[in-house]
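Each residue takes its place number in the sequence, starting with 1.
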Amino acid sequence: MPDSNPEAVRQLLKPAVIRERAQEMLQHGLAGRLTHFSVHPERLDSCADYVLATIRQNYPTLDIPFHARWRHFSVAGIDRWRSLDGTARFTDAVARGRAAYDLAIVSVLLDAGAGAAWRYRDGLTGQLIGRSEGLALASLDMFAAGLFSSDPAQPLRVDSAVLKRLDAAALAAGFQAGPANPLVSLEGRAALLNRLGEELEKHGLDRPGGLFDRLFAAADGGSLRAGYILSQVLDVLGGIWPSRLTLAGIPLGDSWKHPLIAQGSVTAGIVPFHKLSQWLSYSLIEPLQWAGIEVLDIDDLTGLPEYRNGGLFLDLGVIALKDPGDASRAHEVGSQLVVEWRALTVALLDRLGELMRQRLGLTREQLPLAKVLEGGSWAAGRRIAAERREGGGPPLTIVSDGTVF
């Protein structure tokens, strides 16, 4: 029984198990055993062609950065974080790292889908910006204005005490949201930040940036493994996610059920993803590098099972709905269909990464999955969505509370 085997349950928090169970889902798909999807591996080559064209268009010199929140702070050709960093006069690299973690953690947790109608007006250019870039810019502007700080003299920080009492009205004002500019899941976003403040205090941290101090101190010999960053994110922040599935007293966050997976094991039928925690972990790598810490084994983290990457494979026919009518229905995030879609996405991103390296003649070190995602599958998923559907929405409609997608 899983409740009497906490060590087996903790394995569900490790990226190796995420990858292993996603690959098992792919094998079921290739054998025709999945309920909702068929898999067409012969179409992966043409998908790779499409992604490669996107990479060459966006990064003709192949100087591809990591897939991380920092990319979304560049708007209208201006890197807003760099501009803020240049005027902040942080006392040292550690102070800068703390502030970067404060911003990144809050911004990523606010990064659930915005909805097709919402836009944020950039105060610098007057441009209306939607989706992830709009959410990122809005969160950075709120951070710069001191919305998350308890000390007006130190606006560039996020305090746990402020997060605990932040409400949806304050976020709505920061996001410029209202009846004429609706942003989905405002209440859910506020509740997530409230829980973040509570969990930080439970772990003895008065700000998200305290996690930077812990990781910096753990970097023996000046290096740290990416998997360790994820383990700390899950340990410190795991309690913020809605309580969907808990075994042996361990909250499993972004983990769901599917009857075909890991049959006969102690944790049979559970499919972990930890998508937002991994997205956050990718986004916490660069501030450590800026402070001189080498982050190793970044490819231990998996591809991100969200609607751009998953939409890429569905739109280009690498996977297909067995019931075409499912494209016009709304699906709960914990439904078997969505679990299959997300697991197939993780497994196929690994295969896509190998194809990208073969075609470009690059090694895993030169083109890790974090760069494939940025270059890459996420951008190509957005591009094909814009070509296929007005407004560029995903090929499936997912009912989510803002803590998964």
Side-chain angles (χ1 to χ4, degrees), residues 44-45 47-86 93 96-97 100-101 103-104 107-108 111 124-125 127 129 131-137 140 222-226 229 278-304 306 308-309 312 348-386:
L44 196 55
D45 274 334
C47 176
D49 290 338
Y50 188 88
V51 174
L52 186 56
T54 305
I55 288 175
R56 292 197 182 281
Q57 177 180 319
N58 293 339
Y59 300 99
T61 65
L62 301 183
D63 185 19
I64 307 168
F66 291 149
H67 188 56
R69 193 56 165 163
W70 306 103
R71 309 290 83 74
H72 294 155
F73 295 133
S74 291
V75 181
I78 304 169
D79 184 335
R80 307 305 172 83
W81 161 251
R82 182 167 293 184
S83 298
L84 187 63
D85 183 23
R96 182 193 194 208
Y101 268 41
L103 172 60
S107 187
V108 166
D111 189 36
L124 189 62
T125 66
Q127 183 179 349
I129 304 163
R131 303 196 182 277
S132 282
E133 289 84 354
L135 292 168
L137 183 57
L140 185 143
S223 67
L224 200 65
R225 297 189 183 280
I229 297 174
Q278 291 203 83
W279 171 227
L280 180 53
S281 297
Y282 279 124
S283 300
L284 298 183
I285 290 172
E286 285 165 87
L288 287 167
Q289 293 175 326
W290 300 336
I293 303 300
E294 182 183 11
V295 179
L296 307 172
D297 299 328
I298 294 171
D299 253 15
D300 282 356
L301 303 181
T302 76
L304 301 179
E306 44 75 62
R308 290 302 183 202
N309 290 319
L312 173 74
L348 288 168
L349 284 168
D350 279 342
R351 291 200 174 191
L352 180 67
E354 288 300 327
L355 281 174
M356 291 293 98
R357 294 180 199 108
Q358 290 170 17
R359 296 193 181 190
L360 292 170
L362 298 175
T363 65
R364 185 177 293 274
E365 290 70 32
Q366 292 170 318
L367 189 65
L369 191 56
K371 293 188 176 185
V372 174
L373 295 172
E374 179 62 26
S377 59
W378 190 89
R382 172 181 276 190
R383 177 183 159 209
I384 190 65

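Side-chain atoms of Asp299 come within 3.5 Å of backbone N or O of Leu369 as a donor-acceptor pair. The backbone N or O of Val75 sits less than 3.5 Å from a side-chain atom of Arg80, completing a donor-acceptor pair. No donor-acceptor pair under 3.5 Å is formed between the side chain of Arg69 and the backbone N or O of Leu280. Without hydrogens or angle criteria, Tyr282 side chain to Leu304 main chain gives no donor-acceptor distance under 3.5 Å. Remark: the backbone N or O of Ala226 is not paired with any side-chain donor or acceptor of Asp297 at under 3.5 angstrom. Checking side-chain atoms of Trp378 against main-chain N and O of Asn309 turns up no donor-acceptor pair under 3.5 Å.
In this structure the side chain of Glu133 never reaches within 4.5 angstrom of the side chain of Arg71, judged on heavy atoms. Between Leu52 and Arg56, some side-chain heavy-atom pair lies under the 4.5 Å cut-off. Between Met356 and Leu367 there is a side-chain heavy-atom pair separated by less than 4.5 Å. Using a 4.5 Å cut-off on side-chain heavy atoms (C-beta onward), Leu349 and Thr302 make no contact. The shortest side-chain heavy-atom distance between Tyr101 and Leu288 falls under the 4.5 Å cut-off. Within the 4.5 Å cutoff, the side chain of Glu374 has heavy atoms near those of the Tyr59 side chain. Using a 4.5 Å heavy-atom threshold, the side chains of Asp45 and Arg359 count as touching. Contact check for Phe73 versus Ser107: side-chain heavy atoms found under the 4.5 Å cut-off.
The CG atom of Leu352 lies 5.5 Å from the SG atom of Cys47; values are rounded to the nearest 0.5 Å. Between the NE2 atom in His72 and the CG atom in Leu140 there is a gap of 13.5 Å [rounded to 0.5 Å]. Between Ile384 atom CD1 and Tyr50 atom OH the span is 4.0 Å, to the nearest 0.5 Å. With values rounded to the nearest 0.5 angstrom, Arg357 atom CZ is found 8.5 Å from Glu365 atom CD. Once rounded to the nearest 0.5 Å, the distance linking OG of Ser281 with CG of Asp300 reads 12.0 Å. Leu124 CG to Leu137 CG: the interatomic distance, rounded to the nearest 0.5 Å, is 9.0 Å.
Closest heavy-atom contact between Ile298 and Ala370: CG2-CB, 4.2 Å. Contact record, Leu284 with Ala104: CD2-CB, 4.2 Å, taken as the closest heavy-atom pair. Closest heavy-atom contact between Thr54 and Ala379: CG2-CB, 3.9 Å. Taking every heavy atom of both residues into account, Gly134 and Ile129 meet most closely at N-CG2, 3.4 Å. For Ala48 against Leu355, the heavy-atom pair with the smallest separation is CB-CD1, 4.0 Å. Residues Leu62 and Leu360 approach most closely at CD1-CD2, 4.0 Å, considering heavy atoms.
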Evaluate side-chain contact (heavy atoms from CB on, under 4.5 Å) for Leu44 paired with Arg351, printing each intermediate quantity in order.
CA-CA 8 Å; Leu44 196 55; Arg351 291 200 174 191; 3.7 Å; yes

Run the side-chain contact (heavy atoms from CB on, under 4.5 Å) test on Leu301 and Ile229 for me, step by step, so that the C-alpha distance in whole Å, both residues' side-chain angles and the decisive distance to 0.1 Å come before the verdict.
CA-CA 10 Å; Leu301 303 181; Ile229 297 174; over 6 Å; no

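In this structure, Arg225 places its CZ atom where only 12 or fewer heavy-atom neighbours from other residues, nucleotides or ligands lie under 6.0 Å away.
Between Trp279 and His67, the ring planes are tilted. Angles from 30° to 60° get that label.
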